[in-house]
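Since the model is a prediction, treat every value here as computed from it, not as a measurement.
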Protein chains: 2
Amino acid sequence: MVRAAERDGHPPRTSVWLEGGAPLAGGGRGGGSRPSGLDRARITAATVRLLDAEGLAKFSMRRLAADLNVTAMSVYWYVDTKDDLLELALDAAFAEISPADPGPASASATPADWREELRALAGAYRALLVRHPWLSSLAGTFLNIGPHAVEFQLAVQRLVRRTGLSAGGQAGALSAVFQFVYGFGTVEGHFVQRCASAGMSQDDYYRRAMRAVTREPELREAVDGSADLRRARGDGTVEEIRDRDFAFALDLLIAGIETMVRRGE
Amino acid sequence: MVRAAERDGHPPRTSVWLEGGAPLAGGGRGGGSRPSGLDRARITAATVRLLDAEGLAKFSMRRLAADLNVTAMSVYWYVDTKDDLLELALDAAFAEISPADPGPASASATPADWREELRALAGAYRALLVRHPWLSSLAGTFLNIGPHAVEFQLAVQRLVRRTGLSAGGQAGALSAVFQFVYGFGTVEGHFVQRCASAGMSQDDYYRRAMRAVTREPELREAVDGSADLRRARGDGTVEEIRDRDFAFALDLLIAGIETMVRRGE
DNA sequence: ACCTGAACACCGTTCAAGT
DNA sequence: ACCTGAACACCGTTCAAGT
């Protein structure tokens with residue numbers, strides 16, 4: 001493995017994946033001759049665990065090192081900077097939906113309608129963003145061209161190719177669907193996390209936020225209007241309503257794709 | 001104005017807007033009796049300026065104080081925490097697309113087709129996210145229920161009400177459109193920023209990232225497939241292609257809405 | 001090759017004190 | 001009412017030194 005901080009002068013690098021070289025492999029040299037049993041994979045796994053448990057804001061190299069029973073500076077042997085490590089964690093999370101191994105769930109015989117598969121992939125991406133709320137910040141901040149993220153992108157591209165859209169249409173549709181899911185999962189993930197850390201149910205927290213908004217007199221009237229709308233939509237918990245909205249939005253996107261295909265553009 | 005850090009015990013507050021009280025007003029007491037001319041509005045404006053110039057990562061209370069020619073701790077008289085200040089900056093940015101003042105551009109006589117207005121609002125939101133790349137992180141992290149953000153949300157709700165969708169459909173469509181724009185603008189804004197800070201053109205940076213991805217042998221083939229696709233889409237700079245994708249996605253979303261309306265659901 | 005300790009230049013925030 | 005200075009408990013990262 002290379003201490004990596006060799007590139008001198010040069011414009012500042014902005015991603016582990018640019019001029020990196022087998023980032024996760026750990027140098028290729030077999031197992032356990034290391035004093036503390038450290039390697040990139042173990043460090044990355046610990047990072048993901050800590051990010052899940054305590055959030056991006058509280059994560060630090062020193063906190064991580066403590067978790068690994070090691071000095072803060074040991075980690076720097078395996079990783080150039082904190083940002084590089086976060087990029088590794090980002091890609092590690094994407095491995096969870098990486099369709100490299102189709103698994104027994106999707107019986108390999110049926111090729112499945114693209115509509116079904118779109119719903120499945122979108123749902124998996126949404127679930128990933130909610131399960132790892134820190135992922136959204138990182139996916140937005142970094143280039144996100146690690147192997148697993150790319151694998152995911154390619155799966156999406158293969159899927160969208162089966163819609164019958166033109167080449168240009170495929171790119172636009174891909175963007176419409178998965179940027180939507182990104183936005184939706186981002187907001188949902190952070191909301192869930194904020195409720196948890198405030199020790200409130202999602203419904204209680206939602207009600208509290210609504211009260212705060214309606215305290216502003218100018219907004220009150222306008223928001224009341226949308227309260228009517230909310231009532232007209234039927235009841236349900238915040239979570240149920242969110243699930244319905246997500247499902248409807250996907251239906252809308254699928255209908256949009258079908259219409260664009262029919263229009264031949 | 002109240003030193004604010006009065007709420008004792010209590011579950012930790014998670015937003016300036018919850019139990020706040022006229023956050024931007026500055027206490028209501030007229031102009032300039034303050035030694036340093038400081039107030040919330042001035043502090044918030046300086047925050048936005050610094051975030052634009054140096055990014056969220058480099059922003060600090062001490063850096064801000066220096067910019068205001070004041071001790072770091074002076075700011076804490078007007079603001080409880082750094083997070084509260086960031087929420088104020090977030091809402092201040094949303095004021096830029098707040099449609100409170102329709103302006104001379106949209107002649108008040110024509111009520112405009114909802115399709116046109118949707119394109120206008122979506123375009124304005126996208127531009128805002130690209131102009132202030134830090135905004136996306138904050139909008140995702142915080143509740144985003146400041147007065148200007150709410151104003152924007154309500155404008156979107158009014159717009160979507162004119163589509164003819166059912167109440168439930170309106171919420172789903174709103175989500176589909178504006179979460180898409182959020183995702184799109186987030187990625188675009190960060191990409192633009194990263195290119196600038198690496199001192200490269202968007203096209204050069206894109207080519208460099210592509211080369212890095214295609215170095216991985218397993219991915220090479222798959223990515224080459226999408227290179228064909230890219231060629232088939234016709235040429236153009238990264239920016240032109242992005243504009244086309246955005247426009248197509250909006251067309252797709254509008255077509256989807258129309259279809260759902262026709263289906264009566 | 002891998003790990004440590006001390007050090008540098010930073011953070012956000014509290015608190016007692018000034019005017 | 002508003003602002004300051006010193007202090008506390010942190011950061012990411014460098015560097016020389018250990019084994």
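The distance from atom CG of B/Leu64 to atom P of D/dC3 is 13 Å, rounded to the nearest whole Å. Across the protein-nucleic acid pair, A/Leu68 atom CG and C/dT4 atom P stand 11 Å apart, rounded to whole Å. Per the geometry, CZ belonging to A/Arg62 stands 18 Å off P belonging to C/dC3, to the nearest Å. One atom, CZ of B/Arg63, and another, P of C/dA9, lie 18 Å apart when rounded to the nearest Å. Atom CZ in A/Arg42 sits roughly 14 Å away from atom P in C/dC2 (whole-Å rounding). Going from atom CE of A/Met61 over to atom P of C/dC10 covers 19 Å, rounded to whole Å. As rounded to whole Å, 17 Å separates atom P of C/dA1 from atom CG of A/Asp39. Between the NZ atom of A/Lys82 and the P atom of C/dC10 there is a distance of 17 Å, rounded to whole Å.
Nucleotides C/dA9 and D/dA9 place their C1' atoms 16 Å apart, quoted to the nearest Å.
Distances shorter than 4.0 Å separate none of the side-chain N or O atoms of A/Thr71 from OP1 or OP2 on C/dC3. Contact check, A/Ser74 against C/dT4: a side-chain N or O comes under 4.0 Å of OP1 or OP2. Under 4.0 angstrom from either OP1 or OP2 of D/dC15 there lies no side-chain N or O belonging to A/Tyr76. Between A/Trp77 and C/dC3 there is no side-chain N or O to OP1 or OP2 distance below 4.0 Å.
Applying the side-chain contact (heavy atoms from CB on, under 4.5 Å) test between B/Leu90 and each of B/Leu138, B/Val16, B/Leu143 identifies B/Leu138 as the sole match.
The aromatic rings of B/Phe180 and B/Phe246 lie parallel to each other, with less than 30° between the two planes, well short of the 60° mark. Between B/Phe152 and B/Phe178, the two ring planes are perpendicular [angle over 60°; tilted spans 30° to 60°].
Residue A/Met73 is classed as a base contact, given a heavy-atom separation below 4.0 Å to a base.
Figure legend. D/dG5 is base-paired to C/dC15; pairs are counted as Watson-Crick or G-U wobble with both atom distances under 3.5 Å. With a 3.5 Å ceiling on both atom-pair distances, D/dC10 lacks any Watson-Crick or G-U wobble partner.
Looking at A/Tyr205 and B/Thr14, their side chains do bring a donor and an acceptor atom within 3.5 Å of each other. Side chains of B/His148 and B/Glu96: a donor-acceptor N/O pair is absent below 3.5 angstrom, by distance only.
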